[in-house]
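Computed from heavy atoms alone, side chains included, the values below leave out hydrogens, waters and symmetry copies. Bear in mind the structure is a predicted one, so any value in this text is a computation, not a measurement.
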Amino acid sequence: MTSTLPTRRRRSTRLLAGLTAAGAVLAGGLVLAPSAAAADCSAGYVALTFDDGPTAATTNQVINALRAAGATATVFPIGQNAQNNASLMQAYKNAGLQIGNHSWDHPNLTTLSQSAIQSQLSRAQQAVQQTAGVTPQVFRPPYGATNSTVQSVASGLGLRVVTWDIDTQDYNNVSSQQIRQAAARATNGQVVLMHDWPGNTVQALPGILQDLQSRNLCTGHISPTTGRAVAPAGGGNTGGGGNTGGGNTGGGTTTCTATATKGQEWGDRFNVTYTVTGKSNWSVTVYPSNGQSIQSSWGATRNGNTFTPSGSNSFGVTFYKGSNNVSWTPTGVCS
C-alpha cells in the first residue's frame, strides 16, 4: 500500500526512527548515545581517564566521542581550569562522567609542605563542587608523584589516591596509533592514563572504544574503595562484574589478590613485598608509575613486569624511583 504521508513528513519520520535506533531523542534535538547496558561486558571494565581539563579546544570532542560509543570515563580536571571553564565542567557532569580532583595548578606535591598540599587539594575540590555540583571521591596526583603526606591529606578530604596501570604517553607527542596501541593492552579493572588536551588523543579515542568493545570490555568508573575500574554506579551489568556501586572489580569471580606492602627505602629506590591470597597458581603483574623501573626481585619467577610463583605466595621487588623521585607503591594485579 502506498503511503499518503507528504514527502517531507515521510523523510522526517525515517530520520526520527534512525535517530531513535541509535539513541534516545530529547526535546530540543539532543541525541543521547545508546545505553552502555546493552553492551557485552563479560570481560569486565576498564577506566579511561583524562587529566588536565577542561580544555576549550578539545573537551567537547572527547565528550562527543564517548557519547557516540555509549561510553563513559573519569576526568581529573585541574582546579583553576575548572574555575575558568564552568560550562565545560557542566558538560562533563551532563555526559555522566566521573569527575575527580587533580590539584589546583599541577605542581609536584611531594616537594610541598603539608599546608601547601592541603591548599592545592582543597581549592581544587571546591572548584569542582562549585562548577559541576559534585564532590570528587578520587584524586590523581600530578605526575603520579605521591608520598605519605599527600596520602594523608587526600584521605582527610575523603579522596582515594589513584594513579594508573597503563600510560599512553599521549602528553609526549606520540601518534594517535601509538596511543591506541597502548590502550589496547588494558584488561579488566585497569586504569588508562590519557589527557584532555592532545589532539592525537581525540583522534585515537573512537578506535580505542572499538577495540574495547571487540574484546567485550566496557568503560567504567574508578571505585573510591579499591582504586580499580568497576561498572559505573547505577549503570547496570550484563555479566561483567558483580557490583555497579564500586566495590567489585567486575569480570566474574575473583581468583586472587596481591597485597603490596612497602618496605625499606633508600634515596633512589625502595622495596615492596607482594603477598598473594586466593590461589596458589597465580600470575601477578606490577605497574610502576611513570619513570619508575624494576631493579631486582626475589621469591618469584620474573618475566618483565609479571611474576609467577616459585614455591612461595609472596615475593619482593626493588623499584628505582626514577628521575622524578616517585616513591608511590606500585600496585600488583593478580590473575
Side-chain angles (χ1 to χ4, degrees), residues 33 36 39 43-78 81 85 88 91-92 95 97-98 100 102 106 108 140-145 162-222 229 285-294 304-306 322-324 326 328 330-331 333:
Y45 294 86
V46 169
L48 301 181
T49 66
F50 297 88
D51 287 9
D52 296 356
T55 308
T58 51
T59 289
N60 280 323
Q61 295 179 61
V62 170
I63 290 172
N64 290 340
L66 292 168
R67 280 189 181 276
T72 189
T74 300
V75 292
F76 289 97
I78 294 173
N81 287 354
N85 295 277
L88 292 177
Y92 281 151
L97 306 188
Q98 180 184 25
H102 196 41
H106 209 276
N108 183 334
R140 172 166 286 158
Y143 314 107
V162 174
T163 51
W164 53 85
D165 299 303
I166 294 174
D167 181 357
T168 64
Q169 297 275 318
D170 65 340
Y171 53 86
N172 211 17
N173 201 33
V174 299
S175 69
S176 59
Q177 185 60 29
Q178 288 173 303
I179 296 167
R180 180 176 178 178
Q181 288 172 347
R185 301 196 305 268
T187 58
N188 176 43
Q190 291 192 327
V191 177
V192 180
L193 171 66
M194 292 183 283
H195 291 75
D196 181 276
W197 49 266
N200 285 345
T201 300
V202 175
Q203 293 180 23
L205 187 52
I208 290 170
L209 296 168
Q210 291 171 12
D211 294 342
L212 291 174
Q213 183 180 27
S214 71
R215 296 193 290 136
N216 297 332
L217 285 163
C218 288
T219 52
H221 289 166
I222 298 173
T285 302
V286 300
Y287 292 95
S289 181
N290 187 32
Q292 292 179 334
S293 61
I294 295 175
N305 284 12
T306 300
S323 58
N324 289 331
V326 178
W328 173 73
T331 56
V333 177

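- Looking at heavy atoms from C-beta onward, Asn81 lies out of side-chain contact with Trp197 at the 4.5 angstrom threshold.
- Closest approach of Arg215 and Ala43 over heavy atoms only: O-CB, 3.3 Å.
- Residues Pro77 and Gly100 come closest through the heavy atom pair CD-O, 3.2 Å.
- The CD atom of Gln181 sits 10.5 Å away from the CD1 atom of Ile208 when rounded to the nearest 0.5 Å.
- The side-chain hydrogen bond (donor to acceptor under 3.5 Å, both in side chains) check on Thr168 picks up nothing, with sequence neighbours excluded.
- Looking at residues two or more places apart in sequence or on another chain, you find a side-chain hydrogen bond (donor to acceptor under 3.5 Å, both in side chains) between Asp170 and His195, Thr201.
- Rounding to the nearest 0.5 Å places CG of Leu217 at 11.5 Å from CG of Leu209.
- Contact annotation: the side chain of Thr187 never approaches that of Val46 to less than 4.5 Å [non-hydrogen atoms, C-beta and beyond].
- By the side-chain hydrogen bond (donor to acceptor under 3.5 Å, both in side chains) test, Gln177 is found to be paired with no residue, residues two or more places apart in sequence or in another chain being considered.
- Among residues two or more places apart in sequence or in another chain, the side-chain contact (heavy atoms from CB on, under 4.5 Å) test is passed with Asn200 by Ser176, Ile179, Gln203.
- A pairwise comparison of heavy atoms in Leu205 and Ala65 identifies CD2-CB, 3.7 Å as the closest pair.
- In this structure, the side-chain hydrogen bond (donor to acceptor under 3.5 Å, both in side chains) partners of Asn108, at least two apart in sequence or on a different chain, are Thr110.
- In this structure the side chain of Tyr92 reaches within 4.5 angstrom of the side chain of Thr59, judged on heavy atoms.
- A donor-acceptor distance shorter than 3.5 angstrom exists from the side chain of Thr49 to the backbone of Val192, with no hydrogens or angles considered.
- Looking at residues two or more places apart in sequence or on another chain, you find a salt bridge (charged side-chain N to carboxylate O under 4.0 Å, His left out) between Asp51 and Arg140.
- Leu212 has its side chain within reach of Leu48: a pair of non-hydrogen atoms, C-beta onward, lies under 4.5 Å apart.
- Note that CG of Asn305 and CG of Asp165 are 11.5 Å apart. Values are rounded to the nearest 0.5 Å.
- Checking side-chain atoms of Gln98 against main-chain N and O of Ile222 turns up a donor-acceptor pair under 3.5 Å.
- From Leu97, atom CG reaches atom OG1 of Thr74 across 8.0 Å, with rounding to the nearest 0.5 Å.
- The two residues Tyr45 and Thr219 come nearest to each other via the heavy atoms CD2-O, 3.8 Å.
- To the nearest 0.5 Å, the span separating CG on Asp52 from CG on Asp196 amounts to 8.0 Å.
- For residues 180-190, the salt bridge (charged side-chain N to carboxylate O under 4.0 Å, His left out) pairs, not counting sequence neighbours, are Arg180-Asp211.
- To the nearest 0.5 Å, the span separating CD1 on Ile63 from CZ on Phe50 amounts to 10.0 Å.
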